[in-house]
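Structure, as structure tokens:
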Protein chains: 2
Amino acid sequence: MNLRELSERLNLSQTTVSRALNGYPEVNEQTRARVAAAAAKFNYRPNVRARTLATGRAMAIGHIIPFSNQNEMVNVVFADFIAGAGEVYAGHGYSMSLALVRDEDELSAYRGVAEKGAVDGIIVHSPARDDPRIAVLADLDIPFLVHGRVSEVKTPYAWLDVNNTCAIATGTGHLLDLGHRRIGLINGEERLDFAQRRRDGYLAALAAAGLAPDPALMHSAEMSEPRGHSAAHRMLDLPQPPTALVASSLVLALGVRRAIEERGLRMGRDVSVLCFDDELSYLPNGTDRPQFTAMRSSVRAAGRRCAELLMGQIAEPDQPLPTELWEADLVIGASTGPCPQRDL
Amino acid sequence: MNLRELSERLNLSQTTVSRALNGYPEVNEQTRARVAAAAAKFNYRPNVRARTLATGRAMAIGHIIPFSNQNEMVNVVFADFIAGAGEVYAGHGYSMSLALVRDEDELSAYRGVAEKGAVDGIIVHSPARDDPRIAVLADLDIPFLVHGRVSEVKTPYAWLDVNNTCAIATGTGHLLDLGHRRIGLINGEERLDFAQRRRDGYLAALAAAGLAPDPALMHSAEMSEPRGHSAAHRMLDLPQPPTALVASSLVLALGVRRAIEERGLRMGRDVSVLCFDDELSYLPNGTDRPQFTAMRSSVRAAGRRCAELLMGQIAEPDQPLPTELWEADLVIGASTGPCPQRDL
DNA sequence: TCCGCCATTCAAAGCGCTTTGAAGTGATTC
DNA sequence: GAATCACTTCAAAGCGCTTTGAATGGCGGA
């Protein structure tokens, strides 16, 4: 059942039927009711493909998720971000088009997704420091918004980011306040922008306390549980082990905790742990008395907001490009405590 | 730059240009080269919307992820499944359209996604025992495939599932072989089909060993870390606590482990834990000496296979509906050991 | 009675591509 | 020299919708 058939059945023109169904005012209310009834009766649904061709809008947002070959890990936060964005899209009649893209086909993939007309806008995930995607997208002349930032790109672009530097500086400062002096950092891959910024925050906090960084206390790798586990072990094996660890994600922190406990130590007493908590729905850190002391910022909320900002950009392309910087909250949990007076 | 413009520039008809670009044989190789060069030069990309209208195929697969209001948790396995499916789609020129759907708008959402022509096929996630979606989709007359099964639906439909009953029966049997007699089950929500089947497997193994199930040792809730944690505590608080626990997912098992350690017990010695491991990329259980003894089946591989099966169905609609049942592997890890001879 | 106006409705022109059926070339065959 | 054929190319008809610009008819005011 298509528009032509329906309009023939009703003895009306396609124009009138289309307008009746789309709520245009220049249709007699009686006619509109008749059309609506027939549409329901014959179970008519307009063909999306034809509609998008005619209107010129795809009513879809593209999300491009990069994943490399060496490291097939799908970003842990991705599901929650998508959930947040998806909620908003649904409320606005947009659909969401996902593309998982291997690093090496990045460029072609952008063409694939942004290929003329498949989507009205794009959200860029997991940007690297000098992410080439920004230039490509700017060139493609399609609205896009970056979840995160791209330090090395100086041309303006739309983004929403957590203040990672400040967050980790605050967190590290909290550990310093507790008296810790040897503090390790277990970070994500530092080619990614957020990880680089978190590292900056860590270094800034140490510097502010007059401490020199120790390369042996800085680790960077993909953010999985076993990585956190092995990195923590390695640091705790040092002649001068850290008394506190900063983990760049809750998943890493889980591995850190396992390592601590395997050594017969207690987290929060013998070793303090602070992590960044994206408030993932399936890995909640607790509300009243969180398991981990953390810098907290909901990635799901970020997804929602990114969706809103991008749709706003699409609706009003002449507005300045939106940028938003969110501050993370420090929440005190059970994983931190005063520095043990080990050598006194 | 569209096809018409390009063909005018080349002094060729749209037909020839279209055929040249799409690899049809009836085009002079010299002409084809000329067309290809011009297309590259003018950066021509065919408009996807127009193409799908003309061909009648959307070249997109829809994924519908349900989430309820009480429980906003996005299925943990979802990201990995999507990653697997996405890889396969990319290789076949398909794109992936996601819809996050609140339980209450389920029906309308199906119309939204399957709305005439938006997608060529649909993958159904997290089916419940008597999932109403199957009937709706069958009615919509669009190819679809269920990841999991729907026990109460008797009409044929395409599916791919892990043999959950058998997997958990095997796992529980393993614990029984180790001498455990009080074994707890920490399951997912049992309105979901897979959880129901896992429960069946647990009960079957107990029955085979001549043991009666104890309701106090059976827990069912959403699969998050804190739920595993609280459920384990509750069971270990019983006058006759279990000596072994079966957890329906690795995330639950993480909470279980935390509870065990909080009580000063050691997992694998004092309390054995067996879980179902979906081989999530960011929560690997280890390969040589896994942290947890587990029934293992890769959800990413399932995603890949589901995508293949669905695309096969779309390509050859007259073939019988595919169904596939996968067996999970028992992998022995550090979390299980012989039943402690507590009261002897 | 005529005119202009408002409320409806319509025919037709796209949107940009694919695909059908026909036609224009030489070259080859009888 | 006419007929056949393979190889290329083309004009035009969709695909199913939206939207423009025009037409229709009923009505009150002049």
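All values below were derived from every heavy atom in this structure, side-chain atoms included, with hydrogens, water molecules and symmetry-related copies excluded. None of the values given here were measured: they were computed from a predicted structure. Throughout, protein chains are lettered first and strands after them, A, B, ... in sequence-line order, and every chain is numbered starting at 1.
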Nearest-angstrom distance from the residue atom CG of A:Leu10 to C1' of C:dT8: 15 Å
Nearest-angstrom distance from the residue atom CG of B:Asn28 to P of C:dT25: 15 Å
Boundaries of the DNA chain D segment in contact with chain A, non-hydrogen, under 4.0 Å: D:dG16 to D:dG21
Geometric class of the A:His147/A:His125 ring pair [parallel <30°, tilted 30-60°, perpendicular >60°]: perpendicular
5′-ward residue of the pair B:Thr16/B:Leu53 relative to DNA chain C: B:Leu53
Note: B:Glu308-B:Arg304 ion pair, threshold 4.0 Å (strictly below): no
Whether A:Tyr157 side chain and A:Val150 backbone form a donor-acceptor pair below 3.5 Å: yes
B:Ala54 or B:Arg32, whichever maps to the more 5' nucleotide of DNA chain D: B:Arg32
Residue closer to the 5' end of DNA chain D, A:Ala50 versus A:Glu26 (nearest nucleotide): A:Ala50
Between C:dT9 (P) and A:Tyr24 (OH): distance, integer Å: 16 Å
Sugar-phosphate, base or nothing in reach of A:Thr31, heavy atoms under 4.0 Å: sugar-phosphate
Within 45° cone and under 6.0 Å: A:Arg300 NZ/CZ vs A:Phe81 ring: no
With A:Tyr94 via ring pair (Phe, Tyr, Trp, His ring centres under 6.0 Å) - residues at least two apart: none
Sugar-phosphate, base or nothing in reach of B:Thr55, heavy atoms under 4.0 Å: sugar-phosphate
B:Arg149 and B:Asp193: CA distance, side-chain angles, deciding distance, salt bridge (charged side-chain N to carboxylate O under 4.0 Å, His left out) verdict: CA-CA 7 Å; B:Arg149 270 175 291 174; B:Asp193 201 82; 5.5 Å; no
